[in-house]
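One structure is given here, and the rest of the page talks about it.
Order of the sequence lines fixes the chain letters, A, B, ..., with proteins taken first and strands second; residue numbering starts at 1 for each chain.
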2 protein chains.
Amino acid sequence: MPVTIYDVAREAGVSMATVSRVVNGNPNVKPLTRKKVLAAIERLGYRPNAVARGLASKKTTTVGVIIPDISSLFFSELARGIEDIATMYKYNIILCNSDQRMEKELQLINTLLEKQVDGLLFLGAEIKEDHLQALTSTSVPTVLAATRDADNVLPSVSIDHFQAAYDATEALVSRGHKRIAMIAGPANDPLAGLMRYEGYKKALKDAGIELDEELIATGNYFYESGLSTTKAFLALKNPPTAIFAANDEMAIGAIHAIQDSGLNVPGDIEVIGHDNIRLVEMVRPRLTSVVQPMYDIGAVAMRLLTKYMNNENVEEHVVLLPHRIEYRESTKPEQA
Amino acid sequence: MPVTIYDVAREAGVSMATVSRVVNGNPNVKPLTRKKVLAAIERLGYRPNAVARGLASKKTTTVGVIIPDISSLFFSELARGIEDIATMYKYNIILCNSDQRMEKELQLINTLLEKQVDGLLFLGAEIKEDHLQALTSTSVPTVLAATRDADNVLPSVSIDHFQAAYDATEALVSRGHKRIAMIAGPANDPLAGLMRYEGYKKALKDAGIELDEELIATGNYFYESGLSTTKAFLALKNPPTAIFAANDEMAIGAIHAIQDSGLNVPGDIEVIGHDNIRLVEMVRPRLTSVVQPMYDIGAVAMRLLTKYMNNENVEEHVVLLPHRIEYRESTKPEQA
DNA sequence: TTGGTTTTCATAAGCGTTTTCATAAATATA
DNA sequence: TATATTTATGAAAACGCTTATGAAAACCAA
């Protein structure tokens, strides 16, 4: 029923091949012919069928994006970066939520490959052997965003989580704190979970501060867990004087727990978060946070992927974006 | 290079048709044959080509989603609802950001139709004649989510914005307020902007309160605009005693502006927001807000779309989901 | 057995493009 | 003018699958 390239060809009095050339901007078409074809297209309201094109050309101008949870402030910002660059390079995005469940992740990889995506963007936490297996056994280029496989087999774009956490802790140390608590992420999250914890430990060690197990809690990145873990900290006989949370939501939970107990931030306890999501500006006091450039990670990852899809040369397949600390009112000015 | 259905057929000693039947779960295959085919598939690592299938079957099991901005807390929650239901019905999502720019919206509609999506979900603010034109001139079913066209031509899922705003204002009235300010949305946003404003006006009128232009500000839905408009309110010789903001982010901005000026919420000024995004729990005092069930809107819209795609019967093509007010600490308990 | 059903499968015709490949037309070169 | 190049076009073969159509096989009742 819909009008096809064949209809246009007949209407314009040329062959399908010529119509195809016109549609695809092939220069080898006489201007007059091009005009006739364009007129026919207009007259008939022809709309090229991208599926047929995909079959014939073996390109879909579509990339698959596997993301843990699009409703998270963190990932949705990343997704926006991905989509903007994708649009710039004329790609569309098939977006899938994985909830970090490995089984689902593997299944999604498969579905997306069935759909013949030209490339794959994988966001998640842990990259296991099965992931590597699935992602490397295809010729479809893949880039990891905001994560990294242990052996740097796959191209990836992220920040140096260890160093970022080190810097955050160090900032607290340099403010004279001895009892610095950490609300860490789950240990099965090697980067945002484990690496940040390692960075924290190293910073303490370098400062000659002994690790106190009581000051380490594990959260799940949600506000609620920041609230509850901090309540527990405050109940200690010797509570912390500073808290570093592995992400901002938990940090905000920490702030509220502190305030709810009648204490002051940063007066009594200083708090520093991680990621610098938009929320940090929407709390009082506003949250000091390690800037993780989510949008840029998405954008750079997508850009990197386009290079692989075009067989362009790539110098560095593991890119670490810079991080920094954005100081706000949840920490005191550094001592002179 | 990749293995095709033909390879599987040869390997299993059957015809392509039979392989196709097995892959698609057609029951008309002898168990033994099915087993042979499955074994061959396994052995060869066959992965069906969805593009070829799409061309042959004229179904892509893909739906297009046009969304203003995925990085917004509001829309990303909606998107999650859409995606979950889509997954449930075996559809994939092509996600596109429109930034509410009409030109881009129209272009995206076109692109998605080229990609032969089985259905279209459109989220945005204003539905103009051009949108209607583009969306009704195709046989691809479309559902509007979180918005509605003026004449209810297209299927849609949303809430009754007028009534919701009425209720919110009325709640403030019933608490004895006479000077109730509103931070409205842009007037070119017919539902969340205009309708909520109308609801506010009507509630005041019904309460016999005269409209004071000074107490009406227009924001852009961002935190910053809540902050600045409220600062202006506070500078009035006769400032408001209650504020209704057209969305939560602006309401939170309002709270902080009030607190920054040394006043108390809800003691001096009560604040009520709209949408009930996750943020409302992350402020002190926690924000009273009109619940707009974003996730459900997305989910219901997607479900509705599946019905159209399957030619199922649909009783009501314009669905209004219920709203309610969730009371928290930014408002005082109702007077006895 | 016979004839009628029902199952099970193979053949082959699309689906709407892109992309060789070959040829015709136009232009340049000698 | 004749020949060599270049440029424009068309014919037709993929691309990998679904889906009539219809034949063969298997089953059943009489």
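Checking the phosphate oxygens (OP1, OP2) of dC17(D), a side-chain nitrogen or oxygen of Y46(B) falls inside 4.0 Å. Between K59(A) and dT18(C) there is no side-chain polar atom (N or O) within less than 4.0 angstrom of OP1 or OP2. Between S15(B) and dA10(C) there is a side-chain polar atom (N or O) within less than 4.0 angstrom of OP1 or OP2.
Within 6.0 Å of the CD atom in E312(B), the count of heavy atoms belonging to other residues, nucleotides or ligands exceeds 12.
Computed from coordinates, the E114(A) CD to dC15(D) P distance equals 20 Å when rounded to whole Å. The NZ-P distance, from K115(B) to dG16(C), rounds to 18 Å in whole Å. Atom CG of N28(A) is separated from atom P of dA8(D) by 5 Å (rounded to the nearest Å). Atom CG in N24(B) sits about 9 Å away from atom C1' in dC17(D), given to the nearest Å. Counting to the nearest Å, the P atom of dT17(C) and the CZ atom of R47(A) are 12 Å from each other. Computed from coordinates, the N49(A) CG to dC15(D) C1' distance equals 13 Å when rounded to whole Å. Distance NZ (K58(A)) to P (dC15(D)): 7 Å, rounded to an integer number of Å. Residue R53(B) contributes atom CZ, which lies 18 Å from atom C1' of dG16(C) at whole-angstrom precision.
Using a 4.0 Å cut-off between charged nitrogen and carboxylate oxygen, D296(A) and R303(A) do not count as a salt-bridge pair. Taking 4.0 Å as the cut-off between side-chain N and carboxylate O, R80(A) and D99(B) count as a salt-bridged pair.
Looking at heavy-atom distances under 4.0 Å, V23(B) makes no contact with the nucleic acid at all. Counting any heavy atom pair closer than 4.0 Å across all strands shown, S20(A) reaches a base atom.
Side-chain contact, N28(A) with R21(A): no donor N or O sits under 3.5 Å from an acceptor N or O. For the residue pair T87(B)/K104(A), the side-chain donor-acceptor check at 3.5 Å is not satisfied.
Not counting sequence neighbours, the partners of K30(A) by the side chain to side chain contact (heavy atoms under 4.5 Å, CB included) test are T33(A).
With the nearest nucleotide of DNA chain C identified for both V51(A) and T18(B), T18(B) has the one nearer the 5' end.
Contact check for K115(A) versus T62(B): side-chain heavy atoms found under the 4.5 Å cut-off.
In this structure, the helix from dT1(C)-dA30(D) to dA30(C)-dT1(D) shows an angle of 30° between the axis at its start and the axis at its end, each fitted on 5 base pairs and rounded to 10°.
Here dC9(C) is the nucleotide among dC17(D), dC9(C), dT17(C) with the atom lying nearest to any side-chain atom of T33(B).
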- Query: For N97(A) and I67(A), what are the C-alpha separation, side-chain angles and deciding distance, and is it a side-chain contact (heavy atoms from CB on, under 4.5 Å)?
  - Reply: CA-CA 5 Å; N97(A) 292 105; I67(A) 204 168; 3.7 Å; yes
- Take S20(B) and N24(B) through the test side-chain hydrogen bond (donor to acceptor under 3.5 Å, both in side chains) and record every step on the way to the result. CA-CA 6 Å; S20(B) 176; N24(B) 294 298; 3.3 Å; yes
- With sugar-phosphate taken as primed atoms, P, OP1 and OP2 and all else as base, the protein-contact string of nucleotides 20-27 of chain D at under 4.0 Å (heavy atoms; B, S, -) is --------
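Side chain of T136(B) to backbone of L132(B): a donor-acceptor contact under 3.5 angstrom is found.
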